[in-house]
Amino acid sequence: MLQLTASFFQRDVLQVAPELLGKVLATPKHRALITEVEAYRGEEDLACHASKGRTPRTEIMYHEGGHLYIYLIYGMYWMLNIVCGQADSPEAVLIRGIEGLNGPGKLTRYLGIDKSYYGEQLGFSDRIQLFDPGVCLPYRTTPRIGIDYAGEPWVSKPWRYLIK
DNA sequence: GGCACGATGTGA
DNA sequence: CACATCGTGCCG
């Protein structure tokens, strides 16, 4: 199976996100199909952490696609994101679900992903890789979860993608 | 330094 | 529905 590398992610996050469905997320101990993702796109997207501008936390989102953006939420759960797009265009895909595990916090706990993965580069890492089984799966979209605070139009953008 | 608040999950 | 639990952004 071919490994996904930088160029795959260095495109508009809205194009990359649906294509991530069905890709295989691999660590030394696990291997699982991605079933659900969400797109966060640019400083103008008030649901995107980059809407607060460039900070130590969001710094990696300003790098070119292919890096991992990891952050802690509710003091308990590590969120796994893949940076997309070109440098200085802060975009990322949140991995929300893998086969057999729904929920972004559950999958990182299961895979053992934490802050130490921040900035890791897909294609160069030996702790985490993404493979392409070469299939395109039918999917549906919905608004993103848990971002009511962002308000319109962001709360209504159909930027959550799930395998049908 | 202090404070409010989450891109969540669990259990009553 | 309550709440655990802590890094981050923002204010002072």
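Each chain gets a letter, A, B and so on, in the order the sequences are listed, and its residues count up from 1.
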Can you tell if the side chain of [X] reaches within under 4.5 Å of the side chain of [Y], non-hydrogen atoms only?
X	Y	result
A:Ile82	A:Leu20	yes
A:Tyr69	A:Leu94	no
A:Leu130	A:Phe8	no

Exercise. Could you write nucleotides 2-12 of chain B as a row of B, S and -, 5' to 3', where a protein heavy atom under 4.0 Å of any base atom gives B, of only sugar-phosphate atoms gives S, and otherwise -?
Worked result: ----BBBSS--

For this session: Quick one: which residue pairs count as a salt bridge (Lys or Arg N to Asp or Glu O under 4.0 Å) with a foot in residues 5-17 of chain A, not counting sequence neighbours?
Result: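 Of all non-adjacent pairs touching residues 5-17 of chain A, those that pass salt bridge (Lys or Arg N to Asp or Glu O under 4.0 Å) are A:Arg11-A:Glu19, A:Asp12-A:Arg41.
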
Exercise. Under 6.0 Å from the OH atom of A:Tyr149, do we count more than 12 heavy atoms belonging to anything else shown?
Worked result: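 More than 12 within 6.0 Å, yes.
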
Exercise. Does NZ in A:Lys115 sit with more than 12 non-hydrogen atoms of other residues, nucleotides or ligands closer than 6.0 Å?
Worked result: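 Check passes, neighbour count above 12.
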
Shorter than 3.5 Å, N or O on both sides, protein versus nucleotides 1-3 of chain C: list them out with atom names.
none

Problem set entry | SB check A:Glu38 A:Arg96 (cutoff 4.0 Å) |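 Counted as a salt bridge, because a side-chain N and a carboxylate O are separated by less than 4.0 Å.
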
Seminar exercise, completed: Secondary structure of DNA chain B per the Watson-Crick/G-U criterion (both distances under 3.5 Å; [ ] crossing, | other strand, . unpaired) is ||||||.||||.

For this session: Please list, chain by chain and in numerical order, all residues satisfying salt bridge (charged side-chain N to carboxylate O under 4.0 Å, His left out) with A:Lys23, sequence neighbours excluded.
Result: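 By the salt bridge (charged side-chain N to carboxylate O under 4.0 Å, His left out) rule, A:Lys23 matches A:Asp132.
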
For this session: Under the salt bridge (charged side-chain N to carboxylate O under 4.0 Å, His left out) rule, collect the residues that match up with A:Arg57, sequence neighbours excluded.
Result: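 So A:Arg57 forms no salt bridge (charged side-chain N to carboxylate O under 4.0 Å, His left out) with any residue.
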
Exercise. Between A:Tyr110 and A:His30, what is the ring plane arrangement, given parallel below 30°, perpendicular above 60°, and tilted in between?
Worked result: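 Rings of A:Tyr110 and A:His30: tilted, as their planes differ by 30° to 60°.
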
